[in-house]
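Predicted, not measured: the structure shown is a model, and the values here were computed from it.
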Amino acid sequence: MDDATTLDTLLSGEPSTEAWARAVPLLERASADVLTEVAGRLLDWPARCRPMPDHWWDEQRAGRHRPWHRTAAWRELGDLDHVQTGGSPRFPAEVDDFASFGEGAVSVACPPDPAWLVLGAAAEWHHNGGDIVVWGTGPQVPSRMLLDGSAFHDEALDVQVSPDGSVAVASVEGRLHAWRTPADDELWQLDLGPAQESVDSFDMVGMTTRIGFSGDGRRVAAGSVARGLRVIDTATGHVLLTQEVADCGPVALDHAGRLLAHAGEAGAIVVRDTASGAFTSHDTGLSTVNAVAFAADGSGLLVAGSAATEDAVAAALLTFDGDRVVESRLIRPEGLPQDMSARSPLAAICTRCVWGGHGPLVLAVDDGFAVLFDDRGRLLWTEPGQVAGGFSPTGEVLTLVGDTVTAVFLDGLR
C-alpha cells in the first residue's frame, strides 16, 4: 500500500491522536497535490486530535516552515512549574526558584513567534505581588525576570507586546513599565497618577489598566476608569495624549495610532482622534464592552462583550467609511458552554480579540471556560477552567495559560 492510499485509509477512519501520529510522516512525504487534498480533510478532524510534533515545532523555531505544519492545531508548551523554573518540558532548567507562579497566571502576551512569552503571575494574598517574566518556551530564548513581584502587592492583569515583539508593556500599582524584549532591559516607566476618589480600590474592572499597541508599534495606549487614558510614544515614553474619562475598559489603536477606541457608556464604543482628543460615540448593540481591536487596514472595529439584554457572550463588527461608522453587525456564537457569562469581572478583564489575517477573532473568558470564536459565530476552540489568553499581533497564534501553557495555531483550525 503506497503512502497516498494509507493516508486516505487513515483519514477515512475515526479521528484520533493515534491516527494523527501515523499520518505525520506520511504528510511529510506527500506530493503537493496529495497534501492539498488531505489537508482539507484533516481540518475537519477535531483540533484536539492534531498536536504539533516536536520536530515540526523545532523546524518552525529554526525558520523552516513547511506546508504540512499548517495541519497541526495546537501544542502544549509546558506548565506553570516550568515557568517557575524558567525551563520547558524538553529543556529543563537547573534552578527551581526563577519566578513565583504558585497562585497561577493572570495575563500572557504572545510575540509573532512563540519561542517566548511574557507572563504575569497572580499576586499572593497579603504577600508578594505578581512576577512579570519572559519565559523561553525552548532553548532559543533564555527566561528572564522583568519585574520582581516581591516589592509590590499588585498584579499585571494586562500585559501586551508590540507587533514586532520588541517591547512589552504592563501596569503595576499605577505605574506603566516598558521593557525591551525578549531581553530584560527596562525602556521607561510612567506614573499614571493617583486613582480617582470615585473609584473603589477593590473595583478590579475600574482599577485595571488596559493596554494596546498601534499596528506599526510606534504608539501604545493605556487606559482605566481610575487613571484615565494615555497615548504614549513607545520608544521614549513621551505622553502624546492625556484624557480623563468616565468609562474606559479595553483600548485599541489603529495602525498608525491616529485613532483610539475604548469602551463608552452602556456598551457604546468611543473613537478618539489621538492628536486632539476629539471623539465620536457609536452604538454597538452590546450592553458591555470587554475587548476591542481595529482591523489591520483600519476598515472596521471588532468589539467583544455581552448581548444587550443578557449576560450572554456576543460581539459586534463596526464598519468604517473614513472615521464614520456605516454598519454594525452583531455576532452571537453558537454552542457556548451552559451559563457562560460575559459580565463577570474575569470576563471584563481577560476577554481578548484580534483582527488580522484570519479575520475577526474573539477569545471570550469567564470563571469556568474560555472559548474562541470567529465573525460567523463558530466556536473554534474551547478551554475549561480559569484561563488567561493572548493573541499574537496578527492573530496567527493564541496562547492560553491555565494549569498548562498551550499554543493554538489558527492555520490548523476550521
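Residues forming a ring pair (Phe, Tyr, Trp, His ring centres under 6.0 Å) with Trp188 (at least two apart in sequence, or on another chain): none. Partners of His282 under the ring pair (Phe, Tyr, Trp, His ring centres under 6.0 Å) rule, at least two apart in sequence or in another chain, do not exist in this structure. In this view, Asp311 and Arg343 satisfy the side chain to side chain donor-acceptor pair (under 3.5 Å) rule, not counting sequence neighbours. Scanning for ring pair (Phe, Tyr, Trp, His ring centres under 6.0 Å) contacts around His177 gives Trp179, with sequence neighbours left out. Among residues two or more places apart in sequence or in another chain, the side chain to side chain donor-acceptor pair (under 3.5 Å) test is passed with Arg75 by Asp54.
Under 4.0 Å is where a charged nitrogen must lie from a carboxylate oxygen, and between Arg329 and Asp375 at least one such pair does. Checked for salt-bridge contact, Asp233 and Arg218 miss the test: no charged N lies under 4.0 Å from a carboxylate O.
Looking only at distances, a side-chain donor or acceptor of Trp135 sits under 3.5 Å from a matching main-chain atom of Gly87. A donor-acceptor pair is defined here as one N or O able to donate and one able to accept, closer than 3.5 Å; no such pair exists between the side chain of Thr209 and the backbone of Ala222. When atom types are taken as modelled, the side chain of Arg272 and the backbone of Leu260 share no donor-acceptor pair closer than 3.5 angstrom. Judged by distance alone, the side chain of Ser344 and the main-chain N or O of Asp366 form no donor-acceptor pair under 3.5 Å. Between the side chain of Thr234 and the backbone N or O of Gly217, at least one donor-acceptor pair lies under 3.5 Å. With hydrogens and angles ignored, the 3.5 Å screen pairs a side-chain donor or acceptor of Ser162 with a backbone N or O of Val167. Remark: the backbone N or O of Trp57 is paired with a side-chain donor or acceptor of Arg61 at under 3.5 angstrom. The main-chain N or O of Asp185 is never found under 3.5 Å from a side-chain atom of Arg180 such that the two would form a donor-acceptor pair. A distance-only check finds no donor-acceptor pair linking the side chain of Asp131 to the backbone of Ala121 [under 3.5 Å]. Distance alone, capped at 3.5 Å, places no donor-acceptor pair between the Ser214 side chain and the Ala256 backbone.
Atom CG of residue Leu253 and atom CZ of residue Phe213 lie 10.0 Å apart, to the nearest 0.5 angstrom. How far CG of Leu302 is from SG of Cys353: 4.0 Å, rounded to the nearest 0.5 Å. The distance from the CG atom of Leu372 to the CG atom of Leu379 is 8.5 Å, given to the nearest 0.5 Å. In this structure, the separation between CG on Leu119 and CD on Gln84 is 11.5 Å, given to the nearest 0.5 Å. Rounded to the nearest 0.5 Å, atoms CE (Met207) and OG (Ser171) are 9.0 Å apart. With rounding to the nearest 0.5 Å, the separation of CG in Leu317 from OG1 in Thr284 is 11.5 Å.
Under 3.5 Å, the side chains of Thr288 and Ser306 contain a donor-acceptor pair of N or O atoms. Inspection of the Arg210 and Ser224 side chains reveals no N or O donor paired with an N or O acceptor under 3.5 Å. No hydrogens or angles considered: nothing links the side chains of His262 and Gln243 as a donor-acceptor pair under 3.5 Å. Looking at His82 and Asp79, their side chains do bring a donor and an acceptor atom within 3.5 Å of each other. If you check the side chains of Glu396 and His358, you find a donor sitting under 3.5 Å from an acceptor. Side chain to side chain, Gln189 and Asp191 fail the donor-acceptor criterion of an N or O pair below 3.5 Å.
Counting non-hydrogen atoms of other residues, nucleotides and ligands closer than 6.0 Å to CZ of Phe152 gives a total above 12. Under a cut-off of 6.0 angstrom, the local environment of CG in Asp148 is crowded, with over 12 non-hydrogen atoms contributed by other residues, nucleotides or ligands.
Counting heavy atoms from C-beta outward, Leu398 and Leu363 have side chains that approach closer than 4.5 Å. Val405 places a side-chain heavy atom less than 4.5 Å from the side chain of Val83. At a threshold of 4.5 Å between non-hydrogen side-chain atoms, the residues Phe369 and Val387 do not count as touching. In this structure, Leu146 and Val118 have side chains that are in contact, with non-hydrogen atoms separated by less than 4.5 Å. Counting heavy atoms from C-beta on, the side chains of Pro114 and Thr137 never come closer than 4.5 Å. Two residues are said to be in side-chain contact when any heavy atoms from C-beta on lie closer than 4.5 Å; Val365 and Leu346 meet this criterion. Taking the side chain as every heavy atom from C-beta outward, Leu241 and Arg230 never approach each other to under 4.5 Å. Using a 4.5 Å heavy-atom cutoff, the side chains of Leu26 and Leu10 are in contact.
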Inset, instruction - Show your reasoning for whether side chain to side chain contact (heavy atoms under 4.5 Å, CB included) applies to Val408 and Leu400. - result: CA-CA 8 Å; Val408 180; Leu400 300 169; 4.0 Å; yes
Inset, instruction - Begin with the C-alpha distance, continue with both residues' side-chain angles, and end with the deciding distance and a verdict on salt bridge (charged side-chain N to carboxylate O under 4.0 Å, His left out) for Arg376 and Glu334. - result: CA-CA 9 Å; Arg376 292 169 59 183; Glu334 299 181 355; over 6 Å; no
Inset, instruction - With ring pair (Phe, Tyr, Trp, His ring centres under 6.0 Å) as the test, would you mind laying out the steps for Trp20 and Trp56 before giving the verdict? - result: CA-CA 14 Å; Trp20 164 253; Trp56 289 13; 5.8 Å; yes
Inset, instruction - Decide side chain to side chain contact (heavy atoms under 4.5 Å, CB included) for Val270 and Thr280; before the verdict, give the C-alpha distance in whole Å, the side-chain angles of both, and the deciding distance to 0.1 Å. - result: CA-CA 6 Å; Val270 175; Thr280 55; over 6 Å; no
Inset, instruction - Determine, stepwise, if the pair Asp158 / Arg352 fulfils salt bridge (charged side-chain N to carboxylate O under 4.0 Å, His left out). - result: CA-CA 10 Å; Asp158 192 6; Arg352 298 286 183 266; 3.3 Å; yes
Inset, instruction - Give the C-alpha distance, both sets of side-chain angles, the deciding distance and a yes or no for side chain to side chain contact (heavy atoms under 4.5 Å, CB included) between Phe373 and Val313. - result: CA-CA 10 Å; Phe373 64 91; Val313 171; 3.7 Å; yes
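With respect to Arg70, the side-chain contact (heavy atoms from CB on, under 4.5 Å) criterion is satisfied by exactly one of Leu410, Leu35, Asp411: Asp411.
The shortest heavy-atom contact between Trp355 and Phe294 is CB-O, 3.6 Å. Closest non-hydrogen pair, Gly86 versus Ser143, comes out as O-OG, 2.9 Å.
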I'd like a table of donor-acceptor pairs (distance under 3.5 Å, sequence neighbours excluded) in which one partner is a side-chain atom from residues 39-50, with atom names and distances.
from: Arg41; atom 1: NH1; to: Asp8; atom 2: OD1; distance (Å): 2.9
from: Arg41; atom 1: NH2; to: Ser12; atom 2: OG; distance (Å): 3.2
from: Asp44; atom 1: OD1; to: Arg414; atom 2: NE; distance (Å): 3.4
from: Asp44; atom 1: OD1; to: Arg414; atom 2: NH2; distance (Å): 2.9
from: Asp44; atom 1: OD2; to: Arg414; atom 2: NH2; distance (Å): 3.4
from: Arg48; atom 1: NH2; to: Thr382; atom 2: O; distance (Å): 2.9
from: Arg48; atom 1: NH2; to: Glu383; atom 2: OE1; distance (Å): 2.9
from: Arg50; atom 1: NE; to: Leu42; atom 2: O; distance (Å): 3.1
from: Arg50; atom 1: NH1; to: Thr71; atom 2: O; distance (Å): 2.7
from: Arg50; atom 1: NH1; to: Gly412; atom 2: O; distance (Å): 2.8
from: Arg50; atom 1: NH2; to: Trp45; atom 2: O; distance (Å): 3.3
from: Arg50; atom 1: NH2; to: Gly412; atom 2: O; distance (Å): 3.0

